[in-house]
There are 2 protein chains.
Amino acid sequence: MARTDRKVSYSPTGKLADVTPEMAAAGVDAALRLLDGRWKMEILFQLFGGGVLRFSELERAIPAVSQKMLTQHLRELERDGLVTRTLHAQVPPRVDYALTAWGEALCPVLDALLDWAARRPAQPAPA
Amino acid sequence: MARTDRKVSYSPTGKLADVTPEMAAAGVDAALRLLDGRWKMEILFQLFGGGVLRFSELERAIPAVSQKMLTQHLRELERDGLVTRTLHAQVPPRVDYALTAWGEALCPVLDALLDWAARRPAQPAPA
DNA sequence: CTGGATCCTTTAAGATACTG
DNA sequence: CAGTATCTTAAAGGATCCAG
């Protein structure tokens, strides 16, 4: 079988069955792009577990983030379907952010990633 | 309980038990940094399943990557313990790349990520 | 309170040429 | 064959000011 036709057969029952390396890589890249952003993990972990936080609460919980980036990342997470944004029509305005069911479902995946990272063998001491 | 003391208790048996959101986010960020790079997924998926490829074979398998980026990403993956680099002392030189056991162990994690991404609810049609 | 708009800096990535 | 070195470009992120 030619190299370019090689399939990833590592997970016979999983998503990686019978796809080319290119297809698998593209799929994972697309998934990772949803999570790409300096502060997205901070935001997600503030919301995991059913948390409902206002914009200003997220600002306080993540002191290092700028308003611009917090807004931008929240908008991306909302657009991508991980978080919901609820605007309460009152003065002053109030906006609540929470995870969607699909967003919550990311938690065990990140847990698995963390578990993998924890299994990393000891590295040679840096010179 | 104060917000800043809230724990992520989603995975009682997992790595996310009893850590603050900040700690969890930092850990996941560190893990994701190992995978960050335009071509790393392409490289990894070429090697998943026990593949052993030479530099030029990777170049052919991933036509769009430049020599510079291929070298750079391979070096990072080697430094981070995901791939091994074997230099055969001969002329012309020959270098083989393969995954470490830990690198191979990433495959099921990426499979889980892909499975999560596939469960994404349908988005409203873009205007 | 919850942002939007603008400007500036940093970093990743691509193009190209050259070498043991 | 398997890289390095240098230059240029594109994208992400940060700082600051303004507004409903």
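These numbers come from the heavy atoms of this one structure, side chains and all, not from hydrogens, waters or symmetry mates.
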**Student:** Grouping I, L, V, M, F, W and Y whenever their side-chain heavy atoms are under 4.5 Å apart, do A:Val95 and A:Val91 come out in a common cluster?
**Tutor:** no
**Student:** Just verifying a value: how many Å separate A:Phe48 CZ and A:Leu99 CG, rounded to the nearest 0.5 Å?
**Tutor:** 6.0 Å
**Student:** With B:Lys40, which of B:Leu35, B:Leu77, B:Leu74 fulfils side-chain contact (heavy atoms from CB on, under 4.5 Å)?
**Tutor:** B:Leu77
**Student:** Which pair of heavy atoms, one from B:Asp80 and one from B:Trp102, lies closest together, and at what distance?
**Tutor:**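 What the structure gives for the nearest pair is O-CZ3, 3.3 Å.
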**Student:** Do nucleotides 3-15 of chain C as a string where each nucleotide becomes B, S or -: B if the base has a protein heavy atom under 4.0 Å, S if just the sugar-phosphate does, - if no protein is that close.
**Tutor:** BS-B------BBB
**Student:** Between A:Arg119 and A:Asp115, does the salt bridge (Lys or Arg N to Asp or Glu O under 4.0 Å) criterion hold? Intermediate values first, please.
**Tutor:** CA-CA 7 Å; A:Arg119 294 200 302 274; A:Asp115 189 61; 2.6 Å; yes
**Student:** Of all nucleotides in DNA chain D with an atom under 4.0 Å from a non-hydrogen atom of chain A, which is the first and which the last going 5' to 3'?
**Tutor:** D:dG13 to D:dG20
**Student:** Nearest 0.5 angstrom please: B:His73 NE2 to B:Met41 CE, how far?
**Tutor:**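 If we round to the nearest 0.5 Å, B:His73:NE2 and B:Met41:CE are 10.5 Å apart.
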**Student:** Mark yes or no for whether B:Gln46, through its side chain, and A:Pro21, through its backbone, hold a donor-acceptor pair below 3.5 Å.
**Tutor:** no
